[in-house]
Amino acid sequence: MAEKSPSLATQAYHTIKENILNLTYPPGMVLTEAMLTKELEMSRSPVRTAIQMLQVEGLIVSDYYKSMTVKEITDKDINEIYQLRELLEGAAFRQIFTSGRYEEYSYRIEEKVVRMCAAAGDLYEWEIADTAMHMEIISIFDNDRINRIYENNLSELIRIGQYSIRNGMRISRTNDNLKKMISYMRKGNYEKAFEILKNDHFGTGRNTALKMH
């Protein structure tokens, strides 16, 4: 039996969402049904359904006058996201070492870093790979609720991460530092490994993202 192809509304949803996440539609951009139907070459009905789905996710917001815009990213959003990451990933990274699984996780994280290196020429794809690397770190908790918290914030993480790169966080340097982090993990050196994660992904990432405003 042939697989059922996705509905037009689902196709429209995925296309519009990717355009928001890869910043083709940047924060604050005004969207209209007419514009989207023309770009997607679809009728209004599936586009309208897709818009409603993205409004539920919070990626598209409407004001009193029904004007639609891509959700802005505020300094408060950036600070809250990075505070969440530092709390959860900091605890996860510590547990990787206290549980004695640092060598295992060095290989698991290395697999994600290889993907990041392969995607170095594509900002959006690199950020997707980077997000997968961070999800790998928190997988040590084996906690579905924590995974859902991260998944609920993925759209913001991906958009904010791209602004970090655009504002000075260098992909090649980050990739090289992650390779060093993996090397320290193999040796069981928590302090040196965590220092790289903290400086690169919590400090530099947040500070460069904040430059977007």
Side-chain angles (χ1 to χ4, degrees), residues 21 57-59 73-120 123-165 167-210 212:
L21 295 186
E57 286 188 29
L59 284 172
I73 299 172
T74 66
D75 285 356
K76 187 171 185 288
D77 292 328
I78 294 169
N79 283 318
E80 286 180 354
I81 285 284
Y82 275 93
Q83 183 180 33
L84 175 72
R85 290 178 72 169
E86 192 159 1
L87 285 169
L88 289 180
E89 291 180 40
F93 207 73
R94 194 161 49 249
Q95 187 166 323
I96 285 170
F97 283 81
T98 56
S99 65
R101 297 175 68 186
Y102 50 86
E103 187 175 10
E104 172 200 341
Y105 266 82
S106 75
Y107 287 103
R108 290 172 65 160
I109 292 169
E110 184 176 46
E111 183 186 332
K112 301 298 186 293
V113 172
V114 167
R115 292 183 195 172
M116 290 169 69
C117 292
L123 178 57
Y124 175 62
E125 290 300 328
W126 183 86
E127 193 55 47
I128 296 288
D130 177 64
T131 303
M133 188 272 291
H134 288 283
M135 291 289 288
E136 191 66 61
I137 291 172
I138 65 160
S139 73
I140 185 72
F141 289 132
D142 193 21
N143 186 315
D144 289 339
R145 292 176 187 274
I146 289 175
N147 290 342
R148 283 199 296 273
I149 289 170
Y150 255 61
E151 285 160 8
N152 289 342
N153 288 281
L154 278 182
S155 296
E156 296 301 288
L157 283 166
I158 291 166
R159 291 202 295 164
I160 290 169
Q162 288 176 89
Y163 276 107
S164 294
I165 301 299
N167 294 330
M169 186 176 174
R170 287 170 44 217
I171 286 177
S172 59
R173 182 180 176 185
T174 300
N175 287 347
D176 287 343
N177 283 343
L178 286 171
K179 291 174 188 174
K180 291 176 188 173
M181 182 187 82
I182 290 163
S183 177
Y184 284 127
M185 289 181 75
R186 295 254 164 90
K187 297 170 185 172
N189 192 329
Y190 165 75
E191 287 78 13
K192 290 283 189 183
F194 183 65
E195 185 180 8
I196 291 172
L197 182 70
K198 183 175 180 179
N199 290 343
D200 257 33
H201 288 264
F202 305 147
T204 303
R206 175 174 48 217
N207 294 338
T208 49
L210 287 167
M212 66 183 280

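Here the CZ atom belonging to R115 is positioned 14.0 Å from the CG atom belonging to N175, to the nearest 0.5 angstrom. R170 CZ to D176 CG: the interatomic distance, rounded to the nearest 0.5 Å, is 8.5 Å. In this structure, the separation between NZ on K187 and NZ on K192 is 10.0 Å, given to the nearest 0.5 Å. How far CG of L154 is from CZ of R148: 13.5 Å, rounded to the nearest 0.5 Å. With rounding to the nearest 0.5 angstrom, the OG atom of S139 is 8.0 Å from the CG atom of N147. Distance check: S155 OG to I73 CD1 gives 10.0 Å after rounding to the nearest 0.5 Å.
For the residue pair E127 and Q162, the shortest heavy atom distance occurs at OE1-N, 3.8 Å. Considering all non-hydrogen atoms of both residues, I140 and S99 come closest at CD1-OG, 4.0 Å. Summarising the geometry of W126 relative to M116, their closest heavy-atom pair is CD1-O, 3.0 Å, with the distance given to 0.1 Å. Closest non-hydrogen pair, D200 versus R173, comes out as OD2-O, 4.4 Å. Closest approach of I149 and L88 over heavy atoms only: CG2-CD1, 4.5 Å. Considering every non-hydrogen atom in both I158 and L21, the closest pair reads CG2-O, 4.0 Å.
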**Request:** For the pair I182 and Y107, evaluate side chain to side chain contact (heavy atoms under 4.5 Å, CB included) and give the outcome as yes or no after the intermediate values.
**Result:** CA-CA 8 Å; I182 290 163; Y107 287 103; over 6 Å; no
**Message:** Show, in sequence, the C-alpha distance, side-chain angles and deciding distance for R206 and I160, and conclude whether the side chain to side chain contact (heavy atoms under 4.5 Å, CB included) test is met.
**Reply:** CA-CA 9 Å; R206 175 174 48 217; I160 290 169; over 6 Å; no
**Request:** Dump the intermediate steps for side chain to side chain contact (heavy atoms under 4.5 Å, CB included) on M185 and I96, then the final yes or no.
**Result:** CA-CA 9 Å; M185 289 181 75; I96 285 170; 4.1 Å; yes
**Message:** Could you walk me through whether E111 and V114 satisfy the side chain to side chain contact (heavy atoms under 4.5 Å, CB included) test, starting with their C-alpha distance in whole Å, then the side-chain angles of each, then the deciding distance to 0.1 Å, before giving a yes or no?
**Reply:** CA-CA 5 Å; E111 183 186 332; V114 167; 5.9 Å; no
**Message:** Go through it in stages, so that I can follow the logic: the residues are D77 and T74, the test is side-chain hydrogen bond (donor to acceptor under 3.5 Å, both in side chains), and I'd like the CA-CA distance, side-chain angles, deciding distance and then a yes or no.
**Reply:** CA-CA 5 Å; D77 292 328; T74 66; 3.1 Å; yes
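For the pair K179/C117, a side-chain contact is recorded, criterion being any heavy-atom separation below 4.5 Å from C-beta on. Contact annotation: the side chain of M181 approaches that of F93 to within less than 4.5 Å [non-hydrogen atoms, C-beta and beyond]. The shortest side-chain heavy-atom distance between L210 and N79 falls under the 4.5 Å cut-off. Counting only heavy atoms from C-beta outward, the side chains of H134 and I109 never approach each other to under 4.5 Å. Using a 4.5 Å heavy-atom threshold, the side chains of E151 and M135 count as touching. For the pair Y150 and I138, the minimum side-chain heavy-atom distance is below 4.5 Å.
Side-chain atoms of N143 come within 3.5 Å of backbone atoms of I146 as a donor-acceptor pair (strictly under, hydrogens ignored).
Ion pairing between R186 and E104 fails under the 4.0 Å rule for side-chain N and carboxylate O. Salt bridge annotation for K198-E195: absent, with no cationic side-chain nitrogen under 4.0 angstrom from a carboxylate oxygen.
Centroid-to-centroid, the aromatic rings of F97 and Y102 come within less than 6.0 Å.
By the 6.0 Å contact criterion, CD on E57 is enclosed, its count of non-hydrogen atoms from other residues, nucleotides or ligands being greater than 12.
Relative to the six-membered ring of Y105, R108 meets both conditions, a distance below 6.0 Å and an angle of at most 45° to the axis.
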